[in-house]
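Below is one structure, written out as structure tokens, with a few remarks after it.
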Number of protein chains: 2
Amino acid sequence: MRIGELAGRAGTTARAVRYYESRGLLPARRDAHGHRTYDERDLKLLREIRTLQDFGFELEETRPFVECLRAGHPEGDSCPASLAVYRRKLDELDALIGELRAVRARVAGQLSRAEQARTELAAEALVPGGPEPRCELVPEQAPGGQER
Amino acid sequence: MRIGELAGRAGTTARAVRYYESRGLLPARRDAHGHRTYDERDLKLLREIRTLQDFGFELEETRPFVECLRAGHPEGDSCPASLAVYRRKLDELDALIGELRAVRARVAGQLSRAEQARTELAAEALVPGGPEPRCELVPEQAPGGQER
DNA sequence: GCTTCCCTTGACGTCGGCGTCAAGCCGTAC
DNA sequence: GTACGGCTTGACGCCGACGTCAAGGGAAGC
């Protein structure tokens, strides 16, 4: 098959396939017209790359899987180098998830603190003789005149 | 104070400060020599930007906070537009964390499946008269000839 | 013949948040 | 003097994974 069909069957684009080739993954044979030709094994390679990309793996991280398949192993993760990438990715994911949860907690804290402050301000504004409101309580929609 | 001191006190660089100015955040006065000059209020603005950036907010998302401070409110999150950004960010964080956890689970599943397959292969290799091993069990270090 | 589609290579654009270099001005310390 | 540090503007570089456009070739359908 040619590049368009290959890409379509893997759910990607011809441009991406050429890019993978330029990176040394997924080399291609050529037919008499200079067109790239691929077989089912190439499709499996490409699908392996796409799956890992969808997981958030960088292209370089897919290389061990691709080389493992090209070496004749039944799956891309049949080789120890691929398993090492899995483990490294798990560590990265754990670290990232932990950071994001910490950020989430801090943002949530800021939000509740700010909401509390606004509530108190609103309460003060209701007190007879209280201070004039320092913050408008309506959300800004399109002020007009803040661009650039 | 001038740009270098401002940046240093906020833990960032003069280049970043000029970039924020080019984006319309943090405008600067100029002295007789054309040098940018800042005061303590600018420092507070800049620290607000840096804090939010450290949380992973995009620059545009810091704009409501900066405008809120410049409008004279006590905190960057004293205005409803800022609270809206907080809430949107919480939603984004929740979605992202959820996706990452799903990916983590799938990768972990792939890893344990692949490890299991390797264990079984190793066991077969030990059976007298069993199949020859299809996968090398040693990790690849520096094969030599795989660069580029 | 003509249109349409797929293919080729090459090269520049995208996005965000700056880093880094170039060339020059200014004031101060030695 | 002159060396140094800090400031100015302008412009290009970077990262990753492609998108998109240009200019052309070749085959298939009408």
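In what follows, chains carry the letters A, B, and so on, assigned in the order in which the sequence lines appear, proteins first and then strands, with residues in each chain numbered from 1.
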Residue met sooner reading DNA chain D from 5', once B/Gly4 and B/Arg15 are mapped to nucleotides: B/Gly4

Nucleotide C/dC18, atom C1' - distance to CD of B/Glu21 in whole Å: 15 Å

Sugar-phosphate, base or nothing in reach of B/Arg18, heavy atoms under 4.0 Å: base

Whole angstrom value for the distance that separates C1' of C/dC25 from CG of B/Asp31: 13 Å

Residues A/Glu21, A/Arg30: salt bridge by 4.0 Å N-O rule: yes

Donor-acceptor under 3.5 Å (B/Ser82 side chain, B/Gly76 main chain): yes

Protein-nucleotide distance (A/Arg23, atom CZ; D/dC18, atom P), rounded to Å: 12 Å

side-chain N/O A/Thr13 vs D/dC18 OP1/OP2, d < 4.0 Å: no

Interface with DNA chain C, restricted to residues 33-56 of chain A and to heavy atoms under 4.0 Å: A/Gly34, A/His35, A/Arg36

Protein-nucleotide distance (B/Met1, atom CE; D/dG6, atom P), rounded to Å: 16 Å

N or O in side chain of A/Tyr19 less than 4.0 angstrom from D/dG19 OP1/OP2: no

Atom CZ of A/Arg9 with >12 non-hydrogen neighbours under 6.0 angstrom: yes

Among C/dC6, D/dG6, D/dA17, the nucleotide that comes nearest once only the side chain of A/Leu59 is considered: D/dA17

Whole-Å gap separating P (D/dA17) and CZ (A/Arg63): 11 Å

Selected nucleotide, minimal atom distance to B/Ile3 side chain, candidates C/dC18, D/dC7, C/dC7: D/dC7

Length of the CD-C1' vector between A/Glu58 and D/dA17, whole Å: 11 Å

A/Glu67 and A/Arg70 ion-paired at < 4.0 Å: no

A/Arg2, nearest nucleotide to its side chain (from C/dC6, C/dG19, D/dT9): C/dC6

Value in whole Å for how far the P atom of C/dC7 lies from CG of A/Leu6: 10 Å

Salt bridge present between A/Arg29 and A/Asp39 (N-O < 4.0 angstrom): yes

salt_bridge(A/Glu40, A/Lys44) N-O dist < 4.0 Å: no

Salt-bridge contact A/Arg88-A/Glu61 (side-chain N to carboxylate O under 4.0 Å): yes

